There are 2 protein chains.
Amino acid sequence: MRVLVHPPIEDVTLQAVLYALADPVRLAVFADLVDATEPKACAIYLTVNDTPVPKSTLSQHFRILREHGLIRSERRGVEMLSTARKDELDAKFPGLIDSILAAA
Amino acid sequence: MRVLVHPPIEDVTLQAVLYALADPVRLAVFADLVDATEPKACAIYLTVNDTPVPKSTLSQHFRILREHGLIRSERRGVEMLSTARKDELDAKFPGLIDSILAAA
DNA sequence: GTATTAGTTCGTGAATCATGAACTAAGGGA
DNA sequence: TCCCTTAGTTCATGATTCACGAACTAATAC
């Protein structure tokens, strides 16, 4: 298992954000992480919008969210806890995340 | 040549908007059309960001923008004139388009 | 040690994408 | 009228990306 990739916020592009959130599963996960008050494990999202998401597919979605700069993940024991990089994203793209989440 | 497809604004989804604008060429074209005061032909965009875009590729990009509800096109003589559906999109997704264009 | 749980990686078939070539549609002359 | 030009579309295909089951790894508990 490779080390986790987290781009610095300077390297996060608008295209990357739009691409990452253009998928309904990733948008749902990200929206939930933004609302969360503490880091969450991905296993929580094995069903999204009442439809099951295969484990390997979910893992890929988390990798894309992470490597495109939307979330930050760290291993805690046997699970991976993730948080949304909301503050950083808000600073770089004012109003963007809020208007996307409002539209969702 | 088939008839042009323009979804009613009720059928335009957030996912569709994010998907359509996640491509840099489409975002550049859309941003330019939003700024335009009158309909524009697509041939103007055969180079975008100083890089050439093949004609068939550009045609596909316009089709995606159109069929996902971002632009409206109509044939005028030998050319296809397009406009951004900014007002409709603003009404349905408040602040979304503006924050995307501000970030671009 | 084995077992369990959480998540990742690999392999592959399916779906999507980019683009050159061929085509269509609309005018504009001779 | 027929040919030419211009603008854009469609088709075919090779390349890339995607989804997901199977196998694997990493951490903890017993």
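Chain identifiers are assigned alphabetically (A, B, ...) following the order of the sequence lines, protein sequences preceding nucleic acid strands; residue numbering begins at 1 within each chain. What you see below is based on every heavy atom in this structure, not just the backbone, and it leaves out hydrogens, waters and symmetry mates. Predicted model, so just to flag it, every value in this text is computed and none were measured.
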Nearest to the side chain of [X], heavy atoms from C-beta on, is which of [options]?
{"X": "A:P54", "options": "C:dG20, D:dC20, D:dG8", "value": "D:dC20"}
{"X": "B:A43", "options": "D:dG8, D:dA19, C:dT19", "value": "D:dG8"}
{"X": "A:D23", "options": "C:dA18, D:dG8, D:dA19", "value": "D:dA19"}
{"X": "A:E79", "options": "D:dA7, D:dG21, C:dG7", "value": "C:dG7"}
{"X": "A:Y19", "options": "D:dC18, C:dA6, C:dA18", "value": "D:dC18"}
{"X": "A:V78", "options": "C:dT5, D:dT9, C:dG7", "value": "C:dT5"}

What is the distance, to the nearest angstrom, from the [atom1] atom on [X] to the [atom2] atom on [N]?
{"X": "A:M80", "N": "C:dT8", "atom1": "CE", "atom2": "C1'", "answer": "9 Å"}
{"X": "A:Q60", "N": "C:dA14", "atom1": "CD", "atom2": "C1'", "answer": "16 Å"}
{"X": "A:I64", "N": "C:dG7", "atom1": "CD1", "atom2": "C1'", "answer": "16 Å"}
{"X": "A:L58", "N": "C:dA6", "atom1": "CG", "atom2": "P", "answer": "12 Å"}
{"X": "A:K40", "N": "C:dA6", "atom1": "NZ", "atom2": "P", "answer": "15 Å"}
{"X": "A:K55", "N": "C:dT8", "atom1": "NZ", "atom2": "C1'", "answer": "9 Å"}
{"X": "B:E67", "N": "D:dT9", "atom1": "CD", "atom2": "P", "answer": "10 Å"}
{"X": "A:H61", "N": "C:dG7", "atom1": "NE2", "atom2": "P", "answer": "15 Å"}

Any donor-acceptor N or O pair under 3.5 Å, side chains B:R26, B:H61: yes
Quiz item: Under 4.0 angstrom, heavy atoms only, what part of the nucleic acid is B:Y45 near: base, sugar-phosphate, or nothing?
Solution: nothing
Q) Looking across every strand, which nucleic acid part, if any, lies under 4.0 Å from A:R26 by heavy atom: base, sugar-phosphate, or nothing? A) nothing
Base of D:dG8, side chain of B:S59 - is there a donor-acceptor contact under 3.5 Å? no
Smallest heavy-atom separation, B:A41 atom then B:L81 atom, equals N-CD2, 3.7 Å
Taking every heavy atom of B:L18 against every heavy atom of A:L21, the minimum-distance pair comes out as CD1-O, 3.4 Å
Query raised in the report: For C:dT8, does OP1 or OP2 lie under 4.0 Å from any side-chain N or O of A:R66?
Result: yes
Margin query: Less than 4.0 angstrom between a side-chain N/O of A:R63 and OP1 or OP2 of D:dA19, yes or no?
Written below: no
- Considering only NZ, NE, NH1 and NH2 on the basic side and carboxylate oxygens on the acidic side, decide whether A:R72 and A:E74 come within less than 4.0 Å. no
Note: for B:V3 and A:S56 on DNA chain D, the residue whose nearest nucleotide lies more 5' is B:V3
**Asked** Given A:D98 and A:K86, is the salt bridge (charged side-chain N to carboxylate O under 4.0 Å, His left out) satisfied, shown in steps?
**Response** CA-CA 9 Å; A:D98 285 333; A:K86 176 86 167 30; 3.1 Å; yes
